[in-house]
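Reckoned from all heavy atoms, side chains included, excluding hydrogens, waters and symmetry mates. Numbering of ligands and ligand atoms starts at 1, following listing order.
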Amino acid sequence: MAHIIDGKKIAAATRAEIAERAKKLTEETGIVPGLAVVIVGEDPASKVYVRNKKKACEEAGFYSRVIELSEDTPEAELLSRLEEIKADPKIHGILVQLPLPPQIDPDKVIAAIPPEKDVDAFHPENVGHIMIGDYRFLPCTPAGVMKMLETEGIEVRGKNCVVIGRSNIVGKPMAMLLMHADGTVTICHSKTKNLAEITRRADILVSSVGKAGFVTADMVGEGAVVIDVGMNRNAEGKLCGDVDFAAVSEKASAITPVPGGVGVMTITMLLENTVRAAEAAAGRA
Ligand code: NAP
């Protein structure tokens, strides 16, 4: 039976360290790390994420601003609101919750966030930093996964790492981080042939597909570490990952649950990036 990697416990310990860093920064410089989160529209999942980000900021002693805009907000109006937020000296990190309504081009919005305040690390300049391995900001979800592996003492060096999914937000930066940690990385996607044959060879398998029950026990090798990034709703409307947790737990050596796994780590790394941005603003980069 697999060891269950407790994301909540790792996140709590990491957040306590971040809160300590924020407190020290405020005591020594008067600067309180500040995060602005912009949400456009009424997507229920996005609203939950934004609420959780605000709560996490408050618990870490940060200042936070949530800017809620209606679903029909024109792109130009969002860009002009960003100008105002960029000029707010209390704000060190800015993120725009994705997805955006169809009238808004997400690439334009991401490019409008100053790279030094882009705590989601989506700006092309920060993506370049990730590629080079000199991180200004950590890509939140993949960095959360790396933190879990590190805390659990799971060595990446020399391991066969398989990432299912190649999105800009999860799959690609996940592969980069594993490669920079000296893993031998294979990236799979919807056009990959013989997927199960590849995933069965993984020492560390990361699934970021977005389909409930996608990773079945026959796709997992005996003793593999299985990281489930997926956040889906099952037939009963319950939050679940990509992995058939019960069956895969019988074969894996370690596994992350959903909820209580990667999700809580993603927000934790967002806090880390925000405190980092505030430290940089104070000349402590
Ligand atoms: P995405 O942009 O939809 O990417 C999904 C990836 O899965 C794509 O690369 C796609 O391949 C691949 N895929 C789809 N069907 C496949 C198949 N049959 N076989 C192999 N690969 C397949 O999604 P995302 O933004 O990366 O998010 C993925 C999941 O992670 C979602 O459930 C999302 O909610 C969750 N998520 C969780 C967190 C967290 O904090 N835990 C953060 C972000 C996202 P193609 O490229 O070929 O289409």
Side-chain angles (χ1 to χ4, degrees), residues 5-8 10-11 14-15 37 39 43-53 55-56 95-100 106-107 110 119-122 127 130 137-149 161-178 185-202 205-216 218-220 226-235 237-245 255-273:
I5 301 175
D6 187 344
K8 279 192 196 153
I10 299 168
T14 311
R15 287 185 195 196
V37 181
I39 175 165
D43 178 55
S46 292
K47 289 204 144 195
V48 173
Y49 296 145
V50 169
R51 209 166 48 230
N52 289 345
K53 286 169 186 172
K55 187 164 166 269
L95 75 83
V96 178
Q97 187 66 42
L98 301 178
L100 288 163
D107 291 342
I110 288 166
V119 285
D120 258 340
F122 292 166
V127 173
I130 294 165
F137 292 121
L138 304 159
C140 297
T141 301
V145 171
M146 297 307 284
K147 184 83 189 175
M148 290 172 120
L149 295 174
C161 305
V162 176
V163 179
I164 322 177
R166 57 173 165 179
S167 70
N168 291 333
I169 297 174
V170 187
K172 281 184 210 164
M174 185 73 252
M176 278 295 150
L177 265 55
L178 288 165
V185 183
T186 307
I187 307 174
C188 303
H189 47 76
S190 67
K191 309 295 183 291
T192 298
K193 294 203 170 84
N194 306 322
L195 180 66
E197 221 171 83
I198 299 167
T199 58
R200 269 197 296 271
R201 290 202 297 266
L205 176 63
V206 181
S207 182
S208 58
V209 174
K211 291 180 184 165
F214 185 82
V215 176
T216 48
D218 65 309
M219 292 170 71
V220 176
V226 179
I227 307 289
D228 192 350
V229 178
M231 291 235 259
N232 315 299
R233 298 270 163 197
N234 66 14
K238 261 182 70 187
L239 184 66
C240 66
D242 290 346
V243 177
D244 176 352
F245 185 84
I255 187 166
T256 63
V258 179
V262 178
V264 69
M265 290 304 298
T266 296
I267 299 186
T268 304
M269 300 329 275
L270 174 71
L271 296 176
E272 157 106 31
N273 282 345

Would the distance check show the side chain of Asp228 and the main-chain N or O of Pro257 forming a donor-acceptor pair, the cut-off being under 3.5 Å?
no

Min over Pro142, Gly7, Ser208 of heavy-atom distance to atom 28 (C) of ligand 1 lands on Ser208

Has the side chain of Ser208 got a donor or acceptor atom that lies under 3.5 Å from a matching backbone atom of Ile164?
yes

Between Leu138 and Asn273, which heavy-atom pair has the shortest distance, and what is it?
O-ND2, 2.8 Å

Tell me which part of Val209 gets within contact of ligand 1: side chain, backbone, both or neither, using heavy atoms under 4.0 Å.
both

Drop me the distance from Ile130's CD1 to Lys172's NZ, to the nearest 0.5 angstrom.
12.0 Å

Of all protein heavy atoms, the one nearest atom 20 (C) of ligand 1 is His189 O, 3.1 Å

Taking the non-hydrogen atoms of Ile164, is any one of them nearer than 4.0 angstrom to ligand 1?
yes

For atom 31 (C) of ligand 1, what's the nearest protein heavy atom and its distance?
Gly210 CA, 3.6 Å

Would you check if the side chain of Asp43 reaches a backbone N or O of Ser46 as a donor-acceptor pair within less than 3.5 Å?
yes

So, the side chain of Thr256 versus the backbone of Val262: is there a donor-acceptor pair under 3.5 Å, distance only?
no

What do you reckon, does Gly171 put a non-hydrogen atom under 4.0 Å from ligand 1?
no

Any heavy-atom pair between the side chains of Thr141 and Met269 that's under 4.5 Å?
no

Among protein heavy atoms, which sits nearest to atom 8 (C) of ligand 1, and what does the distance come to when rounded to 0.1 Å?
Arg166 N, 4.0 Å

What I'd like to find out is whether the side chain of Leu195 reaches to under 4.5 Å of the side chain of Phe214, using heavy atoms alone.
yes

Where do Asp242 and Gly210 come nearest, in terms of heavy atoms and distance?
OD1-N, 3.1 Å

Near Val170, which atoms of ligand 1 are under 4.0 Å from a heavy atom of that residue?
26 (O), 43 (C), 44 (C)

Provide the number and element of each atom of ligand 1 under 4.0 Å from a heavy atom of Gly165.
6 (C), 7 (O), 9 (O)

So the atoms of ligand 1 within less than 4.0 Å of a heavy atom of Asn232 turn out to be 32 (O)

Protein residue, atom and distance nearest to atom 36 (N) of ligand 1, heavy-atom basis:
Val229 O, 3.6 Å

Contact between Met265 and ligand 1, counting heavy atoms under 4.0 Å?
no

I need the contact type for Thr192 against ligand 1. Using non-hydrogen atoms and a strict under-4.0 Å cut-off, is it side chain, backbone, both or neither?
neither

In the protein, which heavy atom is nearest to atom 4 (O) of ligand 1, and how far is it?
Ser167 CB, 3.9 Å

Tell me, do Leu95 and Lys53 make a side-chain contact under 4.5 Å, heavy atoms counted?
yes

What residue and heavy atom of the protein are closest to atom 10 (C) of ligand 1, and at what distance?
Ser190 N, 4.3 Å

So, taking the atom named OG1 in Thr186 and the one named CG in Leu205, what distance separates them when rounded to the nearest 0.5 Å?
10.5 Å

Please confirm whether the backbone N or O of Val215 pairs with a side-chain atom of Asp244, one donor and one acceptor, at under 3.5 Å?
no

Between Thr266 and ligand 1, find which residue part has any heavy-atom pair under 4.0 Å and reply side chain, backbone, both or neither.
side chain

Looking only at protein heavy atoms, what sits closest to atom 33 (C) of ligand 1 is Met231 N, 4.1 Å

For atom 19 (N) of ligand 1, what's the nearest protein heavy atom and its distance?
Phe214 CZ, 3.3 Å

Examine ligand 1 and decide if any of its atoms is less than 4.0 Å from a heavy atom belonging to Cys188.
no

